[in-house]
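Residue numbers start from 1 in every chain, and the chains themselves are labelled A, B, ... in the order their sequence lines are given, proteins ahead of strands.
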There are 2 protein chains.
Amino acid sequence: MRADAKRNYDRVVASAGDVVAEQGADASMRDIARRADVGLATLLRHFPTREALLEALLRRRFDALAERAESADPAQLPAETLKDWLREFVVGAATYRGVVELMTAAIDEPGSALHASCTRMRAGGAALLARAQEAGVARADIDGTDLFALASATAWLRSQPALDSRADHLSTLMMSIIIDDGAPATVD
Amino acid sequence: MRADAKRNYDRVVASAGDVVAEQGADASMRDIARRADVGLATLLRHFPTREALLEALLRRRFDALAERAESADPAQLPAETLKDWLREFVVGAATYRGVVELMTAAIDEPGSALHASCTRMRAGGAALLARAQEAGVARADIDGTDLFALASATAWLRSQPALDSRADHLSTLMMSIIIDDGAPATVD
DNA sequence: ACCTGAACACCGTTCAAGT
DNA sequence: ACCTGAACACCGTTCAAGT
């Protein structure tokens with residue numbers, strides 16, 4: 001990549017971070033380009049789709065989440081490990097408004113830019129779930145796809161501005177579907 | 001209302017029903033007007049906002065749902081009554097893609113055209129929930145707003161095309177947060 | 001009273017022209 | 001190689017002109 005191209009790329013990503021944080025995942029691409037002091041066409045050549053741009057924003061976080069699941073400490077309590085992971089999944093998926101919708105759509109659309117990170121996260125979550133199920137601390141009649149869906153629904157609740165004040169309570173309730181370790185489930 | 005105005009009004013509602021069923025709640029208003037063989041400006045004078053148009057589409061169903069909660073048979077089992085009502089709430093809120101988002105937003109925006117029906121439904125649900133809680137068959141640490149939120153999250157899951165095949169299973173799981181009557185919760 | 005076409009300021013897509 | 005302005009077909013909003 002040429003030096004000026006790299007510079008533009010970085011400016012766009014930085015600008016997108018700001019604008020998407022303000023306006024959500026359906027923010028105006030023109031707006032993002034404007035704030036990056038870049039032509040709209042330039043933005044679109046670096047990121048041909050909206051999802052490609054969001055992927056650049058979310059990749060780091062999503063990859064970290066997948067790795068964390070893959071290299072989970074087997075000595076830790078399975079319920080705690082799963083709970084911690086879910087908590088971070090939900091926070092990650094709720095950082096920008098409108099991202100959860102794109103994730104659930106992307107996971108069965110192989111063409112989507114978000115597809116890879118989403119399937120990888122689902123696999124990671126499924127492994128943690130299986131360990132918890134074997135230990136008898138997670139509900140037995142759910143699989144990785146259910147887990148991904150329920151965690152997404154939790155993130156969806158979290159990203160509704162109207163429900164901001166009870167976000168933690170609702171997350172705790174959602175958690176209680178999945179985990180059953182005797183202790184009262186909690187998010188904080 | 002003049003005869004021709006009434007005719008246009010009805011044409012628009014009918015057309016909106018079709019288009020919104022196909023494209024979701026963010027369908028193009030121009031498209032709806034076109035299919036109704038009406039000028040866009042005419043549509044917008046009958047329904048100044050998108051929510052006003054959706055309200056016309058959903059009113060009947062939402063009012064029926066509220067009435068049903070208000071006049072629930074006290075002889076019936078509280079858990080069954082609540083379960084049946086939730087089931088219908090979820091189906092109603094998931095008929096059109098994108099409606100749940102509008103509902104959760106509308107419930108704390110008194111200006112919204114959907115505000116009245118949503119608050120009335122929440123009140124109805126809260127009453128059924130209270131009866132179930134007194135009978136000890138519903139979780140004690142939730143209120144009407146939580147119930148509305150959880151039912152909305154269920155409807156959200158149901159309106160994700162990618163999750164179509166496990167919609168019933170996910171609804172059952174969500175139900176299990178709220179109701180606890182010993183019997184395995186189920187939606188069908 | 002009610003309807004409508006047209007002007008307006010937006011949007012994302014596409015591409016020929018520029019460095 | 002990379003960038004960009006401009007044309008295009010859309011969108012919802014607004015309003016003057018028509019019946």
Candidates [options] - which lies nearest the side chain of [X]:
{"X": "S28(B)", "options": "dG12(C), dC11(D), dC11(C)", "value": "dC11(D)"}
{"X": "L44(A)", "options": "dC15(D), dG12(C), dT13(C)", "value": "dT13(C)"}
{"X": "T42(B)", "options": "dT4(D), dC3(C), dC2(C)", "value": "dC3(C)"}
{"X": "A41(B)", "options": "dG5(C), dC11(C), dC3(D)", "value": "dG5(C)"}
{"X": "A5(A)", "options": "dC15(D), dC11(D), dC3(D)", "value": "dC3(D)"}

(message) Let me spell it out: for each of V38(A) and R30(A), pick the nucleotide of DNA chain D with the closest heavy atom. Which residue's pick is nearer the 5' end?
(response)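 The residue mapped nearer the 5' terminus is V38(A).
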
(message) Need to verify one output field. Residue with the more 5' nearest nucleotide on DNA chain D, T49(B) or R2(B)?
(response)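 The residue whose closest nucleotide sits nearer the 5' end is T49(B).
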
(request) Flag the pair R158(A) and D168(A) as a salt bridge only when some basic side-chain nitrogen lies within less than 4.0 angstrom of an acidic carboxylate oxygen. (result)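 Here R158(A) pairs with D168(A) in a salt bridge, since their nearest N and O are under 4.0 Å apart.
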
(message) Between R50(B) and D26(B) (salt bridge meaning N to carboxylate O under 4.0 Å), is one present in this structure?
(response)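 No, R50(B) and D26(B) are not salt-bridged.
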
(request) By nearest nucleotide on DNA chain C, pick out whichever of L40(B) and L40(A) is the more 5' one. (result)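 That would be L40(B).
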
(message) So, does R34(A) get its side chain near the phosphate of dC10(C), meaning an N or O under 4.0 Å from OP1 or OP2?
(response)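 Negative; the distance criterion is not met.
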
(request) Return no unless some side-chain N or O of N8(B) is found under 4.0 Å from OP1 or OP2 of dC3(C). (result)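 The answer is yes; a side-chain N or O of N8(B) sits under 4.0 Å from OP1 or OP2.
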
